[in-house]
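Worksheet: the structure to be examined is printed underneath.
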Amino acid sequence: MHQTPRKAVIPAAGLGTRLLPATKAQPKEMLPLVDRPAIQYIIEEAVAAGLDDILVITGKSKWSIEDHFDKSFELEKHLESSGKFEELELVRSISDLAELHYVRQGEPLGLGHAVSMARQHISDESFAVLLADDIMITDHPLLSDMLTLHDRHQCSVLALMEVPHESISLYGCVAYEDTDESGVVRITGITEKPEPDEAPSNYAVIGRYIFTPEIFECLDQIKPGRNGEIQLTDGISLLLTKQPVLGYIIKDGRFDVGTKIDYLTAIVELALAREDLGPQFLGILREILARFDKSPLAPAAPRRLARVVKAFTSKLPHRSRSK
Ligand code: G1P
């Protein structure tokens, strides 16, 4: 008998190449969205759904994630002695967020491999997986709804979203049958990043999953798939031959902050939703848009800046420029 999951796994070992050069020396999960790193939103989302035991799968150069959620004794002391109590409270609340654990994925062998690293910590329970690139900005309690479905049907549940046909090759894609429940489907097949003309549907798996512990057996049995990696999708495909898997459809609210355009959009959405920043920021956005309405071409400032940078770099000796 499966119990309501309490544990979440957050794979965070990826290299973040889509956000280079920002991610050259810092983890993509630590890039700020307004004033907190992306991964903090993910952890807050998990905690809000009652998942307060969190295992982060880290890798090389990811130590700053652990530092961020650790106690910062020196900083706390400094804030206390300088009377910055609001900031002190903020810093303290981060280290009290959840019970965090870490395990390192030594080699980047794929998402399925990263999830399989959680086996010892999870043991024989159902658990959630939250992909750190996928930020949810919505009032919809996605994870809680998925957990309710898991409890009711005692099976794994994947979050799904319909995407434009030509974009389906960026995602795991499912074949499905409708069920009696609106927005809930029974998954009958799954393929990692199919070509659009081979895709079984336009429904993409987005980065929220509830798994029964049997997923670990499946991940153990599969061979490297797409890109020579152990794909989570292939593990799910095998799981489907053993147990039912449900899909829970969401309509919007998901931002892939591993891409530049969604990263920017998420910042705007989050800033606008903030009481302390939203009204002022909205005014600024309106001013900017009015300027663009008058002159729809690229704005003068970046062009001017590019000219200054070009003029400056052309004056540098060749050797310094190539460093
Ligand atoms: C991963 C999964 C893919 C899923 C996607 C959701 O792909 O492999 O099945 O649809 O996350 O964001 P990635 O974006 O890491 O390439």
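Just so you know, these numbers come straight off a predicted model, no measurement behind them. Atoms within each ligand, like the ligands themselves, are counted from 1 in listed order.
- Near R254, meaning under 4.0 Å from one of its heavy atoms, ligand 1 places the atoms 12 (O).
- With atom 2 (C) of ligand 1 as the reference point, the heavy atom nearest to it among M161, E192, R226 is part of E192.
- Considering backbone and side-chain N/O atoms, Y209 never comes within less than 3.5 Å of an N/O atom of ligand 1.
- In this structure, atom 9 (O) of ligand 1 is in close contact with the protein, since a protein heavy atom lies within 4.0 Å of it.
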I'd like to know whether F255 forms a side chain to side chain contact (heavy atoms under 4.5 Å, CB included) with Y41, so could you lay out the CA-CA distance, the side-chain angles of the two residues, the decisive distance to 0.1 Å, and finally the verdict.
CA-CA 12 Å; F255 295 82; Y41 290 92; over 6 Å; no
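- Protein heavy atom at the shortest distance from atom 4 (C) of ligand 1 is V205 O, 3.4 Å.
- Counting only residues at least two apart or on different chains, the salt bridge (Lys or Arg N to Asp or Glu O under 4.0 Å) pairs with a member in residues 52-75 are R6-D52, E29-K62, K71-D96.
- On a distance-only criterion, K193 and ligand 1 share at least one N/O pair closer than 3.5 Å.
- Under a cut-off of 6.0 angstrom, the local environment of CG in D139 is sparse, with at most 12 non-hydrogen atoms contributed by other residues, nucleotides or ligands.
- Listed by chain and residue number, H121 satisfy the ring pair (Phe, Tyr, Trp, His ring centres under 6.0 Å) test with H101 (two or more places apart in sequence, or in another chain).
- Not a single N or O atom of G207, backbone or side chain, sits closer than 3.5 Å to an N or O atom of ligand 1.
- Salt bridge D134/R208: absent, no basic N to carboxylate O contact under 4.0 Å.
- The distance from the CG atom of L238 to the CD atom of Q243 is 10.5 Å, given to the nearest 0.5 Å.
- In this structure, L232 has no heavy atom closer than 4.0 Å to ligand 1.
- Close approach to Y171 involves these atoms of ligand 1, each under 4.0 Å from a residue heavy atom: 10 (O).
- Judged by distance alone, the side chains of T233 and Q231 never bring a donor and an acceptor atom under 3.5 Å apart.
- Within ligand 1, the atoms closer than 4.0 Å to a non-hydrogen atom of T233 are 9 (O), numbered from 1 in the order shown.
- When only non-hydrogen protein atoms are considered, atom 12 (O) of ligand 1 lies nearest to D134 OD2, 3.0 Å.
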Take R286 and L289, measure what side chain to side chain contact (heavy atoms under 4.5 Å, CB included) needs, and give me the verdict at the end.
CA-CA 5 Å; R286 285 201 171 114; L289 287 176; 5.7 Å; no
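- Judged by the shortest distance from any of its heavy atoms, D256 lies outside the 4.0 Å radius around the atoms of ligand 1.
- In this structure, L131 has a heavy atom closer than 4.0 Å to ligand 1.
- Of the inter-residue distances, the one linking M117 atom CE with L109 atom CG reads 9.0 Å to the nearest 0.5 angstrom.
- Near G172, meaning under 4.0 Å from one of its heavy atoms, ligand 1 places the atoms 3 (C), 4 (C), 9 (O), 10 (O).
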